[in-house]
There are 2 protein chains.
Amino acid sequence: MPPTSTSVARYAGVSRATVSYVLNGLAAGRVSPATQEKVREAAEELGYVPHAAARSLRSGSSGLVLIAVPADVVPAFGPLFTGFIAAFQAELQAYGHTGVLHGASAGDTPQAAVRAWAELRPAAVIAMIGAPLDEASVEILKRSGTFAVVSYGPPPAPGAHGIAMDQEEVGAVAAAHLLAGGRRDIGVVVPVEHGLGLFSQPRLKGVRAVAATCPGARVVPVELAYTEESAAELADRWRDLGLDAVFAYNDEYAMLLMRALQDAGVDVPGDVAVVGADDLLLGRLLRPTLTSVRIELPPPAEVAALVDRLIREPETPPAVHRRSTAHIEVRESSRRPAG
Amino acid sequence: MPPTSTSVARYAGVSRATVSYVLNGLAAGRVSPATQEKVREAAEELGYVPHAAARSLRSGSSGLVLIAVPADVVPAFGPLFTGFIAAFQAELQAYGHTGVLHGASAGDTPQAAVRAWAELRPAAVIAMIGAPLDEASVEILKRSGTFAVVSYGPPPAPGAHGIAMDQEEVGAVAAAHLLAGGRRDIGVVVPVEHGLGLFSQPRLKGVRAVAATCPGARVVPVELAYTEESAAELADRWRDLGLDAVFAYNDEYAMLLMRALQDAGVDVPGDVAVVGADDLLLGRLLRPTLTSVRIELPPPAEVAALVDRLIREPETPPAVHRRSTAHIEVRESSRRPAG
DNA sequence: TTGAAAGCGATACCAC
DNA sequence: GTGGTATCGCTTTCAA
């Protein structure tokens, strides 16, 4: 029922081959301008849209770049990350690729998820953050014709390229700042929300690593849900914990906890220094203003350029291509107490 | 190079037909258990992954459900919306469809964007919020074999189904609350950020509609960028505007503006009532706590069920299927002044 | 119980 | 300049 290149050929009174040449811009010197015009008009008239499946069948690869995201992490993506994805898709389009976001449902095994991607014969797969990707998965993709497999976030599995995002550094930067300010008993918020373990565990590890270099320093993980009740409950038993600093996972948890602490009569930064992460604008609206670790993601344009290059030169040996960096933005919530 | 069903057949010593039956679960009573086992082993051994393009070519439709989002709006999506999309994708998978997010870059004409979607021969297209979709576009999709075209947000173009999200109601609810509180001069924040006009204009219209029913009420649109500088600048000239209330587009803009007003010595809610939207947790952490319009999106499960039904029964006449609703959560920032 | 073969739509080589 | 045609991988009917 939908018009095919055959319909167009019939309508224009030419062969399918001619239609193909004209509509793909390979007609120069092959097809007369008059015929070209006829073909184009016919296509327009019939509302012809080429069939991507037929083309990929022929060419061996859909032009798709699959951006794989684990479904359970998506809601936790802040503006930082959704912004990156949007810009990345736009950049890909400029290179002539079609970026498409494909969820990996939490229940599936890595293998199952990867098979679903491989069925689409994508030109490249970029697995974001918590998307499952082990050596076997990379192998499946490669064997099914995927030119480039890139892991964005965690260290890449063997055979895959990587864009490293060092979550440990985030924790390390926060810890270094707190220790330099004379704090010694550092709480580290570990969100109980699903899917965040991939961020929070390395951040905790980063804090621990730095604290280990500082005699007398102590690190205490504290669980927190993103609700007022959970924060109030934690604030209530705060004094028992004996902590003089807290790295609160990110700015949102930090703001939540800071408010609860204040409501419970704990002084920030007097009794306890609070550090968030992501450097959200909102953190500057609270009083005290919120100290935050600013994370710089690799620019989407660079990542798109990399993916394009890897598609064009599939033989490029796997490597880790760029690291995100983390900087501390010091504000009031972690200032050294006057005393 | 990648293994095909032919490779599997050869490896297992059977015909391609047999392979197809076994791997698609249609082997009951057709193929002996022993042969089935052989086939499955061969597929496993070779790392066989079926070619989605070949299958859709044969069957006439890819199982894809295209979730179309305008690239320039994505960064503005709050957790409300990204959460919806993630859950929606998961629900679709349960129905056996493959939900895929496809960006529509801002520069493209509706026609160009729609052609890109139509090439994939999706079973259904759901155009979120600002995704371009006019009558001609719907026609192109339908003619290329798309069973269902659903517009999520704006009123659907002729021929498309709709899930209505009434942005005017958001403004109306906010305005009604402010007027009931005795406010008469209502500022309405219009973000200057790209891609937000689709939300802000209807919200402004909703405020205007309600204000028109109230003698003496005045509505003043005020532009604001999501930066501290812009907010400070607006706060500086606030008194000249002579407003005693403001509907600040959403909670984030509201928090930004409220802080700037307070810093400029304007009392909230004494001098001016502030109302946001989205009912973010963070709005409850500020002092005064933020009054907000809570928007209830249609549940993802329901939307997925609808899409599945429309795919199965493509003849269903286009209709608007469900409306989001808006409620006001009254908090301190809009309390009636004591006097 | 299994296999042969037609055909989905587009491409590109080769002949005219 | 233009047209025939083999081919990509898979499904499914029909015959054996």
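To find a chain, count down the sequence lines: A is the first, B the second, and so on, and within it residues start at 1.
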Closest to the side chain of A:T4, out of D:dG9, D:dT12, C:dA10, is C:dA10
Of C:dC8, C:dT2, D:dT11, the nucleotide closest to the side chain of B:R58 is D:dT11
Please report, rounded to the nearest Å, how far the [atom2] atom of [N] is from the [atom1] atom of [X].
| X | N | atom1 | atom2 | value |
| --- | --- | --- | --- | --- |
| A:Y48 | C:dG9 | OH | P | 10 Å |
| A:R10 | D:dG4 | CZ | P | 13 Å |
| A:K38 | D:dG1 | NZ | P | 14 Å |
| A:H51 | D:dG9 | NE2 | C1' | 14 Å |
| A:R30 | D:dG3 | CZ | P | 12 Å |
| A:L23 | C:dA12 | CG | C1' | 15 Å |
| A:L26 | C:dC13 | CG | P | 10 Å |
| B:L46 | D:dG9 | CG | C1' | 15 Å |

OP1 or OP2 of [N] less than 4.0 angstrom from a side-chain nitrogen or oxygen of [X], does that happen here?
| X | N | result |
| --- | --- | --- |
| B:S5 | D:dC10 | yes |
| A:S15 | D:dT2 | no |
| A:T18 | D:dG3 | yes |
| B:T35 | C:dT2 | yes |
| B:S32 | C:dT2 | yes |
| A:N24 | C:dT11 | yes |

Using a distance-only test with no angle check, is there a side-chain donor-acceptor pair under 3.5 angstrom linking B:S56 and B:S59? no
Categorize B:R55 for me: base, sugar-phosphate, or nothing, with a 4.0 angstrom heavy-atom threshold over every strand shown. sugar-phosphate
What contact category does B:V14 fall into here, base, sugar-phosphate, or nothing, at under 4.0 angstrom with non-hydrogen atoms?
sugar-phosphate
Exercise. Taking atom types as they are modelled, is there a donor-acceptor pair under 3.5 Å from the base of C:dA4 to the side chain of B:R16?
Worked result: no
Next item on the list: Fit a plane to each ring of A:F84 and A:Y152, take the angle between them on a 0 to 90° scale, and name the class: parallel (under 30°), tilted (30 to 60°) or perpendicular (over 60°).
Entry: tilted
Discussion item. Looking at B:R309 and B:E313, is there a salt bridge between them, counting it only when a charged N and a carboxylate O are closer than 4.0 Å?
Written reply: yes
Fill in: A:Q111 atom CD, over 12 foreign heavy atoms within 6.0 Å
yes
Where do B:E44 and B:R40 land on the salt bridge (charged side-chain N to carboxylate O under 4.0 Å, His left out) test, with the steps shown first?
CA-CA 6 Å; B:E44 181 64 28; B:R40 261 187 268 276; over 6 Å; no
When A:A54 and B:Y21 are each assigned the nearest nucleotide of DNA chain C, the 5'-most assignment goes to B:Y21
